[in-house]
Amino acid sequence: MNRRRLLRVSGSGLAIAVGGLAGCLGSSDETPPPRESTVFDDISIVEGTMEIALVSEPEVESRADNVDAPVATPLVPIGLARAGSRSSSSGSGSSGATSRGNGVPSSAPTGRHGWAIYGASSGSHWRDNHDDELETYRATIATLGVSYMGSNDAYQAESPGPEPADWDEEWSDPELGSMFEVDLPGLSADGQGETETESEIDAGWYRVGTHLESPDGDTDFGWQAADFKLEQATSGWTIDEAWHVRPRV
């Protein structure tokens, strides 16, 4: 089976915050770091199909007040994100010329989950000074979206934040703990769900995004994104870069 695993996380997924966008890499300790959350159990590509497995109990870190859904135990990011076939070493090396922000995935902060984090610093000092402001909450996924973001040149020129895209596939109130499948040849640069040849997969950047809310719907936790660059190699499609894209806590 030709399988490309993108994300394998237990206890730390992608993250979204109420604060501003996590901008360029290497911010100071005075700047809030990108926040943590648990959203995806796994994202993988199996023979041209993207498989997205959602966790059954999403959690999200926030400085929001009066949210009636606290979690007793804070998030502890563990696990490792991988790209490439099971038989290869990793398949996730950066091309160097296609950096995001001020660095490439190999040099960008990653945290303990293994993904390159756009706009991240360690954040340890900031968290030490603001730990009384942070809370981990139960969350629900209001929207799940998948989109082809365009060629590498187009994506790097825009460097999009975690805001929603013009989704090619979209689910409202997706069932938690479920698997969602997306046919990659059905995604396209024009957002119309068709490629020039529908059997072909487009090289370039893809996004998986989720919109998080509190379980009662009263608190909007905003959007998060997982972006990855798909390239054709002699052994098949490979993931050349993969990023967490998330606002700051």
Side-chain angles (χ1 to χ4, degrees), residues 1-9 13-14 39-55 79-95 98 100 105 113-116 141 143-156 158 160 162 164-172 174-211 223-245:
M1 177 179 291
N2 181 17
R3 185 180 184 90
R4 299 289 187 267
R5 185 172 299 279
L6 307 185
L7 174 67
R8 187 65 182 178
V9 175
L14 308 181
V39 178
F40 299 109
D41 182 55
D42 190 21
I43 303 177
S44 59
I45 295 177
V46 182
E47 296 178 348
T49 298
M50 183 191 304
E51 296 182 350
I52 305 166
L54 302 179
V55 298
L80 177 65
R82 293 173 293 166
S85 67
R86 289 174 174 171
S87 61
S88 66
S89 57
S90 71
S92 57
S94 169
S95 62
T98 56
R100 170 151 200 172
H113 48 63
W115 272 60
I141 300 173
T143 306
L144 169 67
V146 178
S147 181
Y148 175 68
M149 302 293 285
S151 68
N152 184 61
D153 288 344
Y155 181 89
Q156 295 295 340
E158 183 179 358
D166 183 11
W167 303 120
D168 295 313
E169 298 283 348
E170 185 176 1
W171 298 266
S172 296
E175 183 177 356
L176 301 179
S178 297
M179 174 81 74
F180 294 82
E181 295 185 349
V182 179
D183 186 21
L184 287 178
L187 306 183
S188 67
D190 60 12
Q192 300 301 310
E194 295 180 351
T195 55
E196 292 183 4
T197 303
E198 290 197 3
S199 62
E200 294 182 354
I201 296 174
D202 288 323
W205 285 87
Y206 292 78
R207 165 163 291 190
V208 180
T210 55
H211 183 198
W223 286 86
Q224 68 177 34
D227 291 358
F228 60 92
K229 185 174 71 169
L230 199 62
E231 288 194 341
Q232 181 74 64
T234 55
S235 59
W237 290 98
T238 62
I239 306 305
D240 185 60
E241 295 185 33
W243 293 90
H244 285 311
V245 187

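What you see is a predicted model; the values in this text were computed from it and never measured. All residue numbers refer to positions in the sequence shown, counting from 1. Side chains are part of it too, since the values below use all heavy atoms of this structure and drop only hydrogens, waters and symmetry mates.
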Item to check | Gap between atom CD of Gln232 and atom CD1 of Ile201 - 0.5 Å precision | outcome: 8.0 Å
Checklist entry - Taking C-beta and beyond as the side chain, do Val182 and Val208 meet within less than 4.5 Å on heavy atoms? => result no
Checklist entry - Glu175: what forms a side-chain contact (heavy atoms from CB on, under 4.5 Å) with it, not counting sequence neighbours? => result Ser178
Checklist entry - What residues, two or more places apart in sequence or in another chain, satisfy side-chain contact (heavy atoms from CB on, under 4.5 Å) together with Ala203? => result Trp237
Checklist entry - How long is the span from the CG atom in Leu144 to the CG atom in Leu54, to the nearest 0.5 Å? => result 5.5 Å
Checklist entry - CD1/Ile45 to CD1/Ile52 distance, rounded to the nearest 0.5 angstrom? => result 10.0 Å
Item to check | Atom pair CD (Gln224) and CD1 (Ile141), whose distance is rounded to the nearest 0.5 Å | outcome: 7.5 Å
Checklist entry - Of all residues at least two apart in sequence or in a different chain, which pass the side-chain contact (heavy atoms from CB on, under 4.5 Å) check with Ala154? => result Ser151
Next on the checklist: Going by side chain to side chain contact (heavy atoms under 4.5 Å, CB included), Val146 matches just one of Leu187, Asp168, Ile43. Which one?
Outcome noted: Leu187
Item to check | Over all atoms of both residues, closest heavy-atom pair of Pro162 and Val245 | outcome: CB-O, 3.4 Å
Checklist entry - Is there a side-chain contact between Gln156 and Trp205, using heavy atoms and a 4.5 Å cut-off? => result yes
Checklist entry - What pair of heavy atoms forms the shortest contact from Ala225 to Arg207, and how long is it? => result CB-NE, 3.4 Å
Item to check | Flag side-chain contact, heavy atom, 4.5 Å: Tyr206 against Asp227 | outcome: no
Checklist entry - For the residue pair Asp166 and Ser147, what are the closest heavy atoms and their distance? => result O-OG, 3.3 Å
Next on the checklist: Let me confirm one number: the CG-CE distance from Asp42 to Met179, rounded to the nearest 0.5 Å.
Outcome noted: 6.5 Å
Checklist entry - Which value, rounded to the nearest 0.5 Å, describes the distance between Glu231 atom CD and Glu241 atom CD? => result 8.0 Å
